[in-house]
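Residue numbering restarts at 1 for every chain, and letters A, B, ... go by the order of the sequence lines. None of the values given here were measured: they were computed from a predicted structure.
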Amino acid sequence: MYQSHYFLKTQYSAPKNEVSRNAQLLEQAGFISKLMAGVYTFLPMGWRVLKKIEGIIRVEMNKAGGQELNMPALHPIENYITTGRQDIDIIFHLQSKSEKKMVLGQSHEEIIVPLVKKYLTSYRDLPLYLYQIQTKFRDELRAKSGILRTREFIMKDLYSFHAEQSDFEKYYSKMKKSYSNIMNDVGLGNITYLTAASGGTFSKYSHEFQTVTENGEDTIHLCRNCKTAVNDEIFDKKNSCPECGNKEMEKKKSIEVGNIFPLQSNFSDKFHLTFTDKQGKQRPVIMGCYGIGLGRLMGAVTEIHNDKDGILWPKSLTPWQVHLLSLGNDESLDIEAKKTYEILKKNNIEVLYDDRQESAGKKLKDADLIGIPIRLVVSNKTKSSIEIKYRNKSSAKLQSLSQVTKEVKEYYQ
RNA sequence: CGGGGAGUGGCGCAGUGGUAGCGCACUCGCUUUGGGAGCGAGGGGUCGCAGGUUCAAAUCCUGUCUCCCCGACCA
């Protein structure tokens, strides 16, 4: 991609109306743009990052047997009357000109349970795992912290259906593993903890994945011993770890990047979702649900991976794999840079090529701000070779084009 | 929803009653290119919105909307 034609403008300073680090960086660097409080546009470069997150999640969900579908965001109010959730305060209510009352989906239990009821009849149909990656709406009283808490966001929500409690429990554990794989893949593995949490309206308990950071909006109590945590909302005064009994729990601020719930038969009961077992008896389906907010995950990654000059994307999420800069305006440089660009592209490397008529300083500053892991420079100083520098290192080295290509491919393998 | 702060060109800001300004960005020209270049010439704003006071309002008064932060809330 030629940067001179890319819908990307960085800003000299962080937006004054944002205080949170993620919003400052992502807006200044041209990843997102705010429409109103808690509602953001993902600009082309931000959308690429989001798509990479989506891809990582999709791989894990498919590995866990998930089948992807897509459910509507417009829901009939009747389904919420059935579950008694029509009045929960985060729901956006709508009324059609035809007088029909609807709500905007904030989660999809009310939709997927009746859907599954239509097709599921026998124990032979179980277990079943369905998921989607789709837009949710929540009328938060106060949107805040940039893209960490928004009113419209893309979420992966998977719902599992089981005949037996034991089967559910096995899958619930499997999902914990899938979630920690995802956290590892997006570069949050070593600071994200499985956290015991409250269950909400339809569940006795739940588990969250909490990323520890000063700028978090949640509070957890962390056990260094078994690498798990307890959410402050259910933290016991006895002050010990429920997993291993460790008394030395550390209080930390954190961001909730994922949440999984045992729903038991709460929703199945409301919609009479049952199956016929081997003995020919009708029994309620046992359910679980498993959510991850994609934008919030992107915000959390930004909060963690940055320095005074800008963002440092993990290799799995970077919008482009290399940022190629040409410094100087000689025609020979231009030819050299274009050749480099073409060769990298031929090797299936994603290249953002800064071909703009800008000063060297501006290009270098922008590259740091945007935060692509590998920066390549072609200039009068590099002569016929290419400078390669990693965003997280201060030193650079000169290499031939073929060496550079090889090194980049190996880095992203 | 309670408390606090803020709305003036795309971005960041100054301007306390008398013709709307500055820096960056943008356009044109020339020179420049390893850490946000220089000189010259330009374009762009009903000062969030609505009322009111006044000869005169970005500025004073009233109302209202929006944004940010703290709290409450948070399937």
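- We find that CD of A:Gln11 is positioned 11 Å from C1' of B:C24, with the value rounded to whole Å.
- Counting any heavy atom pair closer than 4.0 Å across all strands shown, A:Thr382 reaches a base atom.
- As rounded to the nearest Å, B:G40 and B:C22 have P atoms that lie 14 Å from one another.
- Side chain A:Glu387 to base B:G34: a donor-acceptor pair is found below 3.5 Å.
- Closest contact between the side chain of A:Lys365 and the listed nucleotides B:G36, B:C68, B:U33 involves B:G36.
- In this structure, the nucleotide among B:U33, B:A75, B:C68 sitting nearest to the side chain of A:Lys34 is B:C68.
- Regarding A:Lys16, its NZ atom lies at a distance of 6 Å from the C1' atom of B:A6, rounded to whole Å.
- Note: CG (A:Asn17) to C1' (B:G4) measures 15 Å, nearest angstrom.
- The partner of B:G34 cannot be assigned: no Watson-Crick or G-U wobble pair with both contacts below 3.5 Å exists in any strand.
- Across all strands shown, the partner of B:G71 is B:C1, judged by Watson-Crick or G-U wobble contacts whose two distances both fall under 3.5 Å.
- Between A:His221 and A:Phe235, the ring planes lie parallel to each other; the angle is under 30°, not in the 30° to 60° tilted range.
- Atom CG of A:Asp366 and atom C1' of B:A25 are 12 Å apart (whole Å).
- Note: A:Gln210 CD to A:Thr219 OG1 = 9.0 Å, rounded to the nearest 0.5 Å.
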request  = Show the numbers, then the answer: is there a ring pair (Phe, Tyr, Trp, His ring centres under 6.0 Å) between A:Phe7 and A:His5?
outcome  = CA-CA 7 Å; A:Phe7 191 58; A:His5 298 130; over 10 Å; no
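- Between the side chain of A:Arg21 and the main chain of A:Ile304, no donor-acceptor pair closer than 3.5 Å is present.
- On the P atoms, B:G12 is 15 Å away from B:C69, given to the nearest whole Å.
- For A:Lys381, the side-chain atoms get nearest to B:G34 when compared with the rest of B:G34, B:A75, B:C68.
- Residue contacts shown for A:Ser13 are limited to sugar-phosphate atoms, with no base heavy atom under 4.0 Å away.
- At the heavy-atom level, A:Tyr290 lies nowhere under 4.0 Å from the strands shown.
- Counting distance only, with no hydrogens placed and no angle test, the side-chain atoms of A:Arg142 and the base atoms of B:C1 include no donor-acceptor pair under 3.5 Å.
- Mapping A:Glu233 and A:Lys144 onto RNA chain B via the closest heavy atom, the residue that lands nearer the 5' end is A:Lys144.
- Rounded to whole angstrom, the span from the CD1 atom of A:Ile234 across to the P atom of B:A75 amounts to 12 Å.
- Comparing B:A37, B:C1, B:G35 by their closest approach to the side chain of A:Ser359 singles out B:A37.
- Applying the Watson-Crick and G-U wobble criteria (two distances, each under 3.5 Å), B:A14 pairs with nothing in any strand.
- When distances run from any side-chain atom of A:Ile90 to the nucleotides B:C69, B:A75, B:G36, the shortest one goes to B:A75.
- Counting only heavy atoms from C-beta on, A:Leu141 has its side chain closest to B:C1 among B:G36, B:C1, B:C74.
- Between A:Gln106 and A:Lys9, the residue whose closest nucleotide on RNA chain B is further toward the 5' end is A:Lys9.
- Residue contacts shown for A:Leu327 include a base, since a base heavy atom lies under 4.0 Å away.
- At the heavy-atom level, A:Arg356 lies nowhere under 4.0 Å from the strands shown.
- Pairing partner, B:A6: B:U66, with both Watson-Crick or wobble hydrogen-bond distances short of 3.5 Å.
- Among the heavy atoms of the strands lying under 4.0 Å from A:Asp368 is at least one base atom, whether or not backbone atoms are also near.
- For the C1' atoms, the distance from B:C28 to B:G21 is 24 Å, rounded to whole Å.
- Across every strand in view, B:C39 sits in a pair with B:G29 that passes the Watson-Crick or G-U test at under 3.5 angstrom.
- Taking atom CD of residue A:Glu27 and atom C1' of nucleotide B:C68, one finds them 12 Å apart after rounding to whole Å.
- In this structure, A:Ser206 reaches neither bases nor backbone, as no heavy-atom distance under 4.0 Å exists between it and the strands shown.
- Taking atom P on both B:A75 and B:G36, the two are 48 Å apart, rounded to the nearest angstrom.
- Between A:Glu342 and A:Lys338 there is no salt bridge, since no side-chain N of the basic residue sits under 4.0 Å from a carboxylate O of the acidic one.
- Each of B:U33, B:C67, B:C74 was ranked by its minimum atom distance to the side chain of A:Ala37; first place goes to B:C67.
- Using a 4.0 Å heavy-atom criterion, one finds that A:Glu140 contacts no nucleic acid atom at all.
- The CZ-C1' distance, from A:Phe137 to B:C74, rounds to 18 Å in whole Å.
- Spacing between B:A14 and B:A6 at atom P, rounded to whole Å, works out to 11 Å.
- At the heavy-atom level, A:Gly199 lies under 4.0 Å from base atoms of the strands shown.
- Put simply, CZ on A:Arg296 is 11 Å from C1' on B:A75, counting in whole angstrom units.
- Nucleic acid contact for A:Gln28: base, since at least one base atom lies under 4.0 Å from a heavy atom of the residue.
- Between the NZ atom in A:Lys389 and the CG atom in A:Leu398 there is a gap of 14.0 Å [rounded to 0.5 Å].
- When the P atom is used for both B:U59 and B:U19, the distance is 14 Å, rounded to whole Å.
- With hydrogens and angles left out, the side chain of A:Asn380 and the base of B:G34 share no donor-acceptor pair within 3.5 Å.
- In summary, the aromatic rings of A:Tyr353 and A:Trp320 are positioned with their centroids too far apart to meet the 6.0 Å limit.
- Remark: the A:Gln11 side chain and the A:Lys9 side chain contain no N/O donor-acceptor pair separated by less than 3.5 Å.
- Pairing for B:U46 is absent, with no Watson-Crick or G-U wobble pair whose two atom distances lie under 3.5 Å.
- For B:C13 and B:U54, the P atoms lie 36 Å apart once the distance is rounded to whole Å.
- B:A72 and B:U16 are spaced 39 Å apart, taking the P atom of each and rounding to whole Å.
- A tilted orientation is assigned to the rings of A:Trp313 and A:Phe31, their planes being inclined by 30° to 60°.
- A:Leu263 comes within 4.0 angstrom of a nucleotide base, judged by non-hydrogen atoms across all strands.
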